[in-house]
2 protein chains.
Amino acid sequence: MNNQQFERPIMKTLSIKDIAVKAGVSITTVSFIINGKAKEKSISEAVIKKVEKIIKESGYKPNQIARSLRTGNSNIIGLIIEDISNSFFSRIARLIEDKAYKKGYKIIYSSTENNVDKAKELINMFKSRKVDGYIISPTMGIEEDIQVLLADNKPVILFDRNLSGVDTNYVGADHFKASYQSIESFIKKGKKKIALVTTDIDVEQIIERFEGYKQALVDNNIPYAEELVLKIQFNQDEAETIEEMKKLFLSKDIDAVLFATNYLAISGLKTLKQLNKKVGDEFSVIAYDDHEIFELHTPSISAVQQPLEEIAETVIQLILNQLSSKSKLENQKVIIPAKLIER
Amino acid sequence: MNNQQFERPIMKTLSIKDIAVKAGVSITTVSFIINGKAKEKSISEAVIKKVEKIIKESGYKPNQIARSLRTGNSNIIGLIIEDISNSFFSRIARLIEDKAYKKGYKIIYSSTENNVDKAKELINMFKSRKVDGYIISPTMGIEEDIQVLLADNKPVILFDRNLSGVDTNYVGADHFKASYQSIESFIKKGKKKIALVTTDIDVEQIIERFEGYKQALVDNNIPYAEELVLKIQFNQDEAETIEEMKKLFLSKDIDAVLFATNYLAISGLKTLKQLNKKVGDEFSVIAYDDHEIFELHTPSISAVQQPLEEIAETVIQLILNQLSSKSKLENQKVIIPAKLIER
DNA sequence: AAAAGTTGTTAAAACGTTTTACCAATACTT
DNA sequence: AAGTATTGGTAAAACGTTTTAACAACTTTT
């Protein structure tokens with residue numbers, strides 16, 4: 001690498017003081033004008049105009065850091081998700097970002113990779129950056145940290161998965177029901193040997209999907225058989241996942257399978273492709289969480305579609321309510337129905 | 001909504017002063033210890049131990065806002081991308097985040113939606129938040145804003161697409177060559193009527209793909225025909241895009257098509273599905289930017305794969321170098337080869 | 001024995017805001 | 001004419017750090 005060096009010219013950035021001096025008024029006056037308190041503080045129209053003109057011309061932007069230090073809030077919302085490269089999360093993130101942005105809030109996000117330590121660290125980092133509120137798709141084990149946030153009176157909205165130990169806001173889909181309905185749709189088609197491929201992480205939404213699966217079987221007089229449930233280790237290498245699935249698909253005379261997450265479904269489709277086994281009348285598949293792939297696949301794959309837009313909207317609504325209210329609002333759990341898209 | 005109210009208990013967060021008082025030393029001493037300058041400032045071993053113990057026990061975390069205000073930097077890198085819900089960007093973002101994180105830097109990201117005004121706004125927001133450096137996949141029209149950042153001596157790394165007007169660092173794939181090779185691979189298979197579906201946005205990487213397409217044709221004595229190039233308006237409704245593609249695919253006796261972006265390829269596959277036209281020997285397809293869909297599609301779709309890992313690594317390397325150097329380093333343009341994955 | 005270092009520590013300024021409390025001058029009431 | 005509001009504005013404290021410059025008390029060098 002070529003390390004030829006240049007001198008660093010120093011360009012002083014403008015401060016409120018510079019504006020005040022230029023306008024011949026006090027810092028206070030400028031501050032009032034910037035913050036829209038000019039009327040309230042009865043600053044004369046002439047002064048307002050003059051200061052605003054100078055601000056516009058000079059391109060002055062208040063230092064948000066100083067502002068945050070003084071006011072104690074940052075207009076930033078921390079978003080903690082499992083993995084931004086998962087399309088479910090990236091799409092939610094995008095929606096949340098858009099909506100927050102329109103209300104003057106910015107988002108800092110980070111991925112936990114479903115790792116408790118990283119999640120805790122992220123919460124700490126956000127805390128020391130004084131974010132105004134938290135939107136979290138939690139991992140197990142951060143209950144206490146969330147309690148601390150709540151004790152500190154910060155708004156916290158959990159989404160996608162609830163944390164049974166903590167009493168806070170939650171927005172998520174009705175996973176039990178969606179799972180139940182998926183299985184019922186299999187049964188209506190005459191399926192008998194219905195498998196479930198799920199992950200081994202113990203989070204509420206995964207458990208619910210599992211429960212929905214079991215309950216639907218039982219309610220329809222099909223005995224629940226443990227060997228038809230494959231639990232894939234989280235973060236396991238995809239090749240290994242495919243091997244495990246192959247075993248399942250080959251050994252039992254399975255005629256339908258519900259995948260509890262979209263990435264598992266994708267691995268499942270890869271598995272089927274390798275086995276040269278076609279999805280169709282004798283072998284039905286439903287994926288949990290829709291994905292562009294499923295629509296395009298030949299044949300198209302049915303999927304449970306979570307109402308992303310609605311989830312994002314609710315999440316942002318809840319947090320903004322909390323942020324604008326001086327007192328703590330009562331916690332809400334919002335369960336939104338998910339939709340089975342049959343293809 | 002139930003607005004039952006609770007009182008907000010106030011829990012004072014610890015400051016360095018609290019620690020100093022508790023330890024019976026000055027704030028300065030605590031600060032030195034926190035910042036690893038204890039040795040250098042010859043603080044006694046006993047005091048160091050005592051203060052560290054108190055810090056650990058109390059769970060004190062320095063207020064990063066105050067720290068930023070004082071030092072003028074934030075340990076935050078701003079990442080500006082086109083759209084986090086596009087898998088190319090979300091995967092890059094994730095890699096960059098991971099790598100930055102390991103070096104003690106945090107990432108704030110935001111999407112521009114390829115909108116100049118939003119991009120400018122984001123730069124301003126990052127500026128007022130005093131981010132230490134910028135990683136940007138730029139839109140046209142923000143050249144000046146970037147110049148301002150550079151004049152202010154902030155490290156800026158562009159990626160994915162270069163901005164011809166600005167002299168700064170850039171990391172991207174060799175789009176011209178990858179496109180050229182894709183077309184050549186078509187020609188080797190005996191294709192004659194090769195179409196290009198691209199977008200109308202005038203960014204360098206798109207133009208390069210177009211140039212590669214043209215050049216490969218010319219070099220192989222196939223006349224370039226304007227009517228075989230379809231430029232899709234950015235952000236256009238997908239239904240309309242599909243209509244336009246239908247027209248193209250039906251009207252000319254096209255035997256191969258290169259899609260200049262992965263989302264266009266996905267729309268293209270949907271179009272073909274609707275037309276009941278199969279990808280295969282008589283109709284070849286290559287997508288630019290790989291996507292899980294392409295591997296899984298029946299038949300599998302060839303794609304140009306950008307070396308995400310390498311791009312992310314280079315980007316982060318460049319920016320960290322700049323950040324740790326007190327003087328400005330010479331700008332670098334790093335072009336990384338992209339790989340055509342034939343499926 | 002005076003000068004020069006070293007060791008261990010600290011007071012106070014500075015970063016750029018917001019906000020409280022206050023002031024001066026004029027206008028309105030009584 | 002005295003008191004009271006209103007208008008238009010400001011000085012200074014505070015937010016929680018980092019860092020500079022200094023100091024006291026020793027120790028070593030001359």
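All figures in this text were calculated on a predicted structure; none of them were measured in a lab. Order of the sequence lines sets the chain letters (A, B, ...), proteins ahead of strands, with each chain counted from 1.
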_So if I define the base as every atom that isn't primed, P, OP1 or OP2, how would nucleotides 24-29 of chain C read as a B/S/- string at a heavy-atom cutoff under 4.0 Å?_
------
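Whole-Å rounding puts the A:Phe32 CZ to C:dC22 C1' distance at 12 Å. Distance A:Ile48 CD1 to D:dT7 C1': 12 Å, rounded to the nearest Å. Atom CG in B:Leu14 sits about 14 Å away from atom P in D:dC15, given to the nearest Å. At whole-Å resolution of the value, CZ in B:Arg67 and P in C:dG16 are 18 Å apart. Taking atom CG of residue A:Asn35 and atom P of nucleotide C:dT20, one finds them 12 Å apart after rounding to whole Å. Remark: P of C:dG16 and NZ of B:Lys127 are 15 Å apart, rounded to the nearest angstrom. In this structure, A:Lys41 atom NZ and D:dT10 atom P are separated by 14 Å, rounded to whole Å. The interatomic distance linking B:Lys49 (NZ) with C:dG8 (P) rounds to 14 Å, in whole Å.
In this model, the phosphate group of C:dT7 is not approached by any side-chain N or O of B:Ser42 to a distance below 4.0 Å at OP1 or OP2. A sub-4.0 Å separation between OP1 or OP2 of C:dG16 and a side-chain N or O of A:Ser15 is absent. A close approach under 4.0 Å does not occur between any side-chain nitrogen or oxygen of A:Asn63 and OP1 or OP2 of C:dC15. Side-chain nitrogen and oxygen atoms of A:Tyr60 include at least one within less than 4.0 Å of the OP1 or OP2 phosphate oxygen of C:dT17. Applying the 4.0 Å criterion to OP1 and OP2 of C:dG8, one finds that B:Ser44 has every side-chain N and O outside that range. The side chain of B:Thr29 contributes an N or O atom lying less than 4.0 Å from OP1 or OP2 of C:dT10.
The aromatic rings of B:Phe126 and B:Tyr134 are tilted relative to each other, their planes meeting at an angle between 30° and 60°.
Considering only side-chain atoms of B:Ile16, the nucleotide from C:dT18, D:dT17, D:dA11 that sits closest is D:dT17.
Between the side chain of B:Asp83 and the backbone N or O of B:Ser85 there is at least one donor-acceptor pair closer than 3.5 Å. No donor-acceptor pair under 3.5 Å is formed between the side chain of B:Ser128 and the backbone N or O of A:Lys61. Of the possible donor and acceptor atoms, none in the side chain of B:Thr29 sits under 3.5 Å from a partner among the backbone N and O of B:Val25. The backbone N or O of A:Ile76 lies less than 3.5 Å from a partner atom in the side chain of A:Ser74, making a donor-acceptor pair.
In this structure, A:Glu143 places its CD atom where more than 12 heavy-atom neighbours from other residues, nucleotides or ligands lie under 6.0 Å away. Taking a 6.0 Å sphere around NZ of B:Lys333, one finds it holds more than 12 heavy atoms contributed by other residues, nucleotides or ligands.
Contact annotation for A:Ile27: base contact, defined as any heavy-atom pair under 4.0 Å involving a base atom. In this structure, B:Lys37 reaches the sugar-phosphate backbone alone: every heavy-atom distance under 4.0 Å involves primed, P, OP1 or OP2 atoms, never a base. A:Ile34 comes within contact range of no nucleotide atom at all, as no heavy-atom separation falls under 4.0 Å. In this structure, A:Thr28 reaches the bases: a heavy-atom distance under 4.0 Å links it to at least one base atom across the strands shown.
For DNA chain C, the residues of residues 68-77 of chain B within the heavy-atom distance limit of 4.0 Å (strictly under) are B:Leu69, B:Arg70, sorted by number.
A cation-pi arrangement is not found for A:Lys39 relative to A:Phe32, the charged atom failing to lie both closer than 6.0 Å to the ring centre and inside a 45° cone about the ring normal.
Nucleotides of DNA chain C nearest to B:Ala66 and B:Gly24 differ in position, and the one nearer the 5' end is that of B:Gly24.
In this structure, B:Asp18 does not pair ionically with B:Lys22, as no charged nitrogen and carboxylate oxygen lie closer than 4.0 Å.
For B:Tyr109 and A:Tyr109, the ring centers are positioned less than 6.0 Å apart.
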